[in-house]
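All remarks here apply to the structure that follows.
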Amino acid sequence: MEAGGVGGILDLREKERTQQAGEEAARSLAAAVRRGASPGGLLRRRRGEGWARGGRPESGGGDLRSRPRERPGRLSQYFQCLYINCYACFVVIAHFLNLSSILTQIITLFRHFAINACLAPLYSLEGMHIITVEGIGNCRRGLHPVQERLAEAHGSQCGFCTPGFVMSMYALLRSSKQPPTKEQIEDSLAGNLCRCTGYRPIIDAFGVFAKTDDSLYTASPSESANGKAICPSTGKPCLCRNETDVNGNESSLLSSVKTYLPSSYNEIDGNAYNEKELIFPPELQLRKIMPLRLNGFNGVRWYRPLKLDQLLQLKSCYPEAKLIIGNSEVGVETEFKNAQYGVMISVTHVPELHTLKVEEDGLRIGSAVRLAQLQDFLKKVIAERGSLQTSSCQAILRQLKWFAGTQIRNVASVGGNICTASPISDLNPLWMSTGATFQIIDVNNNVRTTVAKDFFLGYRKVDLKDDEVLLSVILPWTRPFEYVKEFKQAHRRQDDIALVNAGMRVHITEAEGNWIVSDVSIVYGGVAAVPLTAGKTESFLVGKKLDYGLLDEAFNLLKEDIPLAENAPGGMVEFRSSLTLSFFFKFFLYVTHEMNTKGLSEGLDVANMSAIQSYTRPVTTGTQGYELVRQGTAVGQPMVHLSAMLQLPNFPLGSLVSSSQKMCPVLTILGQLDSSKKRILGQLSMMGRFLHLMSLLVLARSLESLWQTPMIMQKLLQIK
């Protein structure tokens, strides 16, 4: 891997000189690694370990999923779907970055967040702290409380998905200043799939880290008729609150109960973890961020500029270059669609694209802002501005809740989702309906503005030239009596693509004592190659009073505005057509209800109230009942299985062995395992020999072939 090109890598006339400088920098980097130094270009892992060798950037290659597995004992990074669907390959990234912007003050980014390693380019993580499940704890130096709790709550069976669950929870704890709520815990695990254990024990295991109402336990307890304290959790007499328990031995009872307290990133109980929590490596925090130029196979080039001017110069030199932020879309294209990009430019370090600013006419949102950052920003704006000006912000925030999973929102960006121009994008119909505008800059620093409705030209085609870059999005404030609503229907609620989605906005004003529609916007996604605007319906509604009398005509016009052919891609034509009408009806009820709260219209029928209520799912609860029947020493008892502690760091009960050759023998599987793992494998091997012997004996008896018994004994002696 080549890392270099510090100065004039952006000038086409200095191309040859830059290439020589990059080669010299690469040689210096290799020499520094051989001397044991810690160069700035290294990807850092926990405890100061560095990766000196990096995968060469190539189309669809060099991602993070396989890199940790090249090191002995680093086997936790499983990968199966390669399509950000199973969430088994999570790692946690710690990122500290100072961005000096001409538009805002110095932007300091320091956060822990989980990402999918299967689509994370290795070269995009330069200068970041990469934490895998082995890094937070293992059997030798002690498990992390998250790992320990998952094992003791029987949340691990085969162990394949266990590292993903652990890292999702670990990232939530490290990124939370307060203990998370149970809702936040379940949201962070929304994309993790488990196919054997089930989710109840996993949710129960992580529930101990949730924030609780301490006043229920610290305040004076309520008492029953006989004077005994009542537990606020169970509603039954509480032994720990009474002066004496039923056995008269309170201390022995309490000492035998192991408790788990709510925990956050700075409140980790150190009793089960004999090392301090991981810190961001100081050498990475103090290092100077440099531009990058990496050369890979087949002439592929990777650039990382640090300023907008550098990015524009790169675009002038390479107009066909692909801009990369989270790689959640480009990674799929290169992995599954054989897309080839000769030049890729990472814009993660360009401060002008990370703008999040409140202005007089609305919000300025940089195109490189991650969706998770946008969520946090919108929550703050809504809390400060109130509901009068932020109806559009609330609609986008509600839509983002069902936009993929938390780990995808950690890397996916606003501009990436817009420029991808997916027909089923959840946000593009909202940008269009809210009247958002896009600011676009070309290589000559000329800035033009276009409305979102005119930006999407065709299937994955946008109004963006090769020498232009999407700079920012301007989201206008909503006016009094202006309402924005989002809609999405998918096969499942969380982490799924939309069948049909929509964004709708209406502005109602008073005229001659009546409240009429002065402006309306209705945009549907998932019904055509681009988001469709219901133009005829909009024209019909303007100037009319919004009441039940206009619904029939509006429905007929909607059918003309949003036609779906019988052979439309995606199928389910009748169902999707009905969704377009259903969304509009729900929007009508929503606006009617909002006007009714202000005393300006009639109220809704009770039967229609459910149509305007946002979907909310209560916190998952579940119990398991079983009878303890002792059969021997362990059978029938709720005991943690022996492999649970090993699965949490990096040792699954079963693992897929892949080979580049057909029908080749497995020479050894013990070469990189320590003595404890070899001992367990030996126990499993002895059990396998016993089961194999029993199967042979059963076969011999079933065939009534007693003369085969010497052969059985001979075969048993050959098993080693």
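Nothing fancy with the numbering, it's 1 onward along the sequence.
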- Item | Carboxylate-amine/guanidinium proximity below 4.0 Å for Arg617 and Glu183 | no
- Query: If you measure from the Lys or Arg side-chain nitrogens to the Asp or Glu carboxylate oxygens, is any gap between Asp204 and Arg200 under 4.0 Å?
  - Reply: yes
Determine whether [X] and [Y] make a side-chain contact, defined as any pair of heavy atoms from C-beta on separated by less than 4.5 Å.
| X | Y | value |
| --- | --- | --- |
| Tyr199 | Thr620 | no |
| Asp187 | Lys401 | yes |
| Leu189 | Ile203 | yes |
| Met290 | Lys288 | yes |
| Leu284 | Glu126 | no |
| Ile324 | Val347 | no |
| Ile202 | Asn192 | no |
| Gln147 | Leu150 | no |

Looking at every non-hydrogen atom in both residues, tell me the closest pair between [X] and [Y] and how far apart they are.
| X | Y | value |
| --- | --- | --- |
| Ser188 | Leu172 | OG-CD2, 3.7 Å |
| Leu278 | His129 | CB-CE1, 4.5 Å |
| Cys194 | Thr197 | SG-N, 3.4 Å |
| Arg174 | Tyr170 | NH1-OH, 2.7 Å |
| Ala151 | Met645 | CB-SD, 3.8 Å |
| Ile325 | Ser413 | CD1-OG, 3.1 Å |

- Query: Looking at Ile136, Val146, Val91, Ile115, which one forms a side chain to side chain contact (heavy atoms under 4.5 Å, CB included) with Met167?
  - Reply: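 Of Ile136, Val146, Val91, Ile115, side chain to side chain contact (heavy atoms under 4.5 Å, CB included) with Met167 is met by Ile136 alone.
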In Å and rounded to the nearest 0.5 Å, what is the [atom1] to [atom2] distance from [X] to [Y]?
| X | Y | atom1 | atom2 | value |
| --- | --- | --- | --- | --- |
| His641 | Met639 | NE2 | CE | 12.0 Å |
| Thr406 | Phe90 | OG1 | CZ | 8.5 Å |
| Leu397 | Phe377 | CG | CZ | 12.0 Å |
| Phe113 | Ser168 | CZ | OG | 13.5 Å |
| Arg370 | Arg409 | CZ | CZ | 14.0 Å |
| Arg149 | Met169 | CZ | CE | 11.5 Å |

- Message: For Trp302 and Tyr123, take the angle between the two ring planes, folded into 0 to 90°, and tell me which bin it lands in: parallel under 30, tilted 30 to 60, perpendicular over 60.
- Response: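 Rings of Trp302 and Tyr123: perpendicular, over 60°.
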Would you say [X]'s side chain and [Y]'s backbone share a donor-acceptor pair under 3.5 angstrom?
| X | Y | result |
| --- | --- | --- |
| Glu152 | Val640 | no |
| Lys488 | Gln399 | no |
| Asp496 | Ala490 | no |
| Asn327 | Ala120 | no |

- Message: Pairing donors with acceptors under 3.5 angstrom, does anything connect the side chains of Ser176 and Gln178?
- Response: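 Short answer, no.
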